[in-house]
Participant: 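What follows is a structure written as structure tokens; I'll ask about it next.
Below, each value reflects all heavy atoms present in this structure, side chains not excepted, and no hydrogens, waters or symmetry copies. Numbered from 1 within each chain, the chains take letters A, B, ... in sequence-line order.
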Protein chains: 2
Amino acid sequence: MSHEVEQRSLARYLEEHNLKHTKQREAILEVFLSATGHITGEEIYRQVKEKHPNIGYTTVYRTMKLLCDAGLSSERHFDDGIARYEIAHEHHDHLVCVRCGKIIEFECSMIESAQDVIAARYDFRVLRHRHELYGHCSSCRED
Amino acid sequence: MSHEVEQRSLARYLEEHNLKHTKQREAILEVFLSATGHITGEEIYRQVKEKHPNIGYTTVYRTMKLLCDAGLSSERHFDDGIARYEIAHEHHDHLVCVRCGKIIEFECSMIESAQDVIAARYDFRVLRHRHELYGHCSSCRED
DNA sequence: ACTGAAATTGAATGTGATTTTCAATTTCAC
DNA sequence: GTGAAATTGAAAATCACATTCAATTTCAGT
């Protein structure tokens with residue numbers, strides 16, 4: 001509950017694409033939205049399983065792919081190679097704490113414009129980018 | 001041949017770590033160094049196989065890991081998730097052409113310093129970063 | 001509410017890159 | 001040359017995720 005906007009957004013996507021509204025999809029959307037973000041498929045699976053013990057891994061992966069297609073989520077891969085799903089919003093980049101695993105989002109127009117310079121230098125047409133800073137967050141540095 | 005510096009560097013690493021000097025390791029180093037860079041394990045395997053038909057996948061992967069530990073190579077993962085090995089050198093970032101797969105290295109001090117600003121803002125200690133621009137290279141845009 | 005065609009589900013199985021296992025082989029210090 | 005320790009390679013395991021397919025569920029049309 002309390003994610004009415006996204007629920008409606010999913011419902012619209014399903015209707016427009018002749019797809020069906022199921023308990024599983026609703027449950028997975030709910031878990032995904034309630035997470036702090038950057039949750040893995042495995043974590044979603046475990047949490048959905050609590051309320052829907054019969055749900056399968058397959059459905060979780062398929063539904064997350066659906067949510068990505070619907071524009072509600074986007075899939076990210078950090079250095080461990082495991083897919084993580086974040087709530088879709090404005091372009092941004094990430095700080096990843098290698099100790100506690102915390103992922104912080106940031107945006108920086110200075111970097112964006114620097115990229116334009118690089119692209120021009122190599123006559124390259126940039127479609128997207130990924131920029132990740134790996135290190136230690138402040139709370140992991142407090143002894 | 002003609003990669004004497006690296007051969008000596010590997011030899012030194014092997015000695016220091018009580019590891020052994022083998023034909024396979026030499027052959028893999030040779031193929032790796034002769035590549036244009038950003039070669040996959042599979043590609044190394046195929047090329048080494050030409051001169052050493054009995055070599056196994058396993059040895060290639062193990063040896064590339066060794067070369068990384070020895071500081072001669074570094075492993076990179078781009079969006080396709082497949083490990084690529086590049087010749088270790090100064091820090092740099094990458095432009096990746098999503099059409100032809102070409103990988104161009106670049107460095108940009110403007111971006112590096114912008115990162116410091118971000119790190120300070122979040123009180124984050126950056127250990128390393130990855131910055132990849134995906135798009136179309138100039139030759140892929142020529143119709 | 002009822003029906004049935006189409007979509008969905010989930011268990012089992014497949015996939016693909018890489019890793020591990022392990023018996024046989026090779027290296028190298030003595 | 002000898003033998004202990006490292007290395008090799010074939011086969012099997014792993015790990016995250018994708019595909020298959022028979023059984024179930026949804027929902028538009030009645």
Participant: Tell me, please, which residues at least two apart from B:Arg12 pass salt bridge (charged side-chain N to carboxylate O under 4.0 Å, His left out).
Facilitator: none
Participant: Quick one: A:Asn18 CG to C:dA5 P, roughly how many Å, whole number?
Facilitator: 17 Å
Participant: Keeping the roles fixed (side chain from B:His17, backbone from B:Glu15), state whether a donor-acceptor pair exists under 3.5 Å.
Facilitator: no
Participant: Can you list the residues that meet the ring-ring contact (aromatic ring centres under 6.0 Å, His included) rule with A:Tyr134, with sequence neighbours excluded?
Facilitator: none
Participant: I'd like to know if the side chain of B:His77 pairs up with that of A:His77 as donor and acceptor (distance under 3.5 Å, no hydrogens or angles considered).
Facilitator: no
Participant: With sequence neighbours excluded, what pairs up with B:His38 under the ring-ring contact (aromatic ring centres under 6.0 Å, His included) test?
Facilitator: B:His94
Participant: Quick one: list whatever passes ring-ring contact (aromatic ring centres under 6.0 Å, His included) with B:His21, sequence neighbours left out.
Facilitator: none
Participant: In whole angstrom, what separates A:Leu66's CG from D:dC17's C1'?
Facilitator: 17 Å
Participant: Go through the side-chain N and O atoms of A:His3 and A:Glu30 and say whether any donor and acceptor fall under 3.5 Å apart.
Facilitator: yes
Participant: Using a 4.0 Å heavy-atom cut-off across all strands, classify A:Arg62 as base, sugar-phosphate, or nothing.
Facilitator: base
Participant: In whole Å, what is the span from the NZ atom of B:Lys65 to the P atom of D:dT7?
Facilitator: 13 Å
Participant: Determine whether more than 12 heavy atoms belonging to other residues, nucleotides or ligands lie under 6.0 Å from atom CD of B:Glu75.
Facilitator: yes
Participant: Hey, can you pull the residues of residues 70-84 of chain A with a non-hydrogen atom under 4.0 angstrom from DNA chain C?
Facilitator: none
Participant: Restricting both atoms to N or O, compile the protein contacts to nucleotides 24-27 of chain C shorter than 3.5 Å, with distance only.
Facilitator:
residue : atom : partner : partner atom : Å
C:dT27  : O2   : B:Lys20 : NZ           : 2.8

Participant: For B:Leu19 and B:Tyr61, find the nucleotide of DNA chain C closest to each by heavy atoms; which residue's nucleotide sits nearer the 5' end?
Facilitator: B:Tyr61
Participant: Going by salt bridge (charged side-chain N to carboxylate O under 4.0 Å, His left out), name the residues that satisfy it together with A:Glu6, two or more places apart in sequence or in a different chain.
Facilitator: none
Participant: Give me the atom names and distance for the closest heavy-atom approach of B:Gln115 to A:His131.
Facilitator: OE1-NE2, 2.6 Å
Participant: Bend angle of the helix from C:dA1-D:dT30 to C:dC30-D:dG1 from five-pair axes at both ends, rounded to 10°?
Facilitator: 30°
Participant: With a 3.5 Å cut-off and sequence neighbours excluded, list the donor-acceptor pairs that the side chains of residues 48-56 of chain B form with protein atoms.
Facilitator:
residue : atom : partner : partner atom : Å
B:Lys49 : NZ   : B:Tyr45 : OH           : 2.9
B:Lys49 : NZ   : B:Pro53 : O            : 3.2
B:Lys49 : NZ   : B:Ile55 : O            : 3.3

Participant: What pairs with B:Gln24 under side-chain hydrogen bond (donor to acceptor under 3.5 Å, both in side chains), at least two apart in sequence or on another chain?
Facilitator: none
Participant: Considering only distance and modelled atom types, tabulate donor-acceptor pairs under 3.5 Å from the side chains of residues 57-71 of chain B, sequence neighbours left out.
Facilitator:
residue : atom : partner : partner atom : Å
B:Tyr57 : OH   : B:Glu42 : OE1          : 2.8
B:Thr63 : OG1  : B:Thr59 : O            : 2.7

Participant: Please list, in numerical order, the residues of residues 37-59 of chain B that have a heavy atom closer than 4.0 Å to any atom of DNA chain D.
Facilitator: B:Asn54, B:Ile55, B:Gly56, B:Thr58, B:Thr59
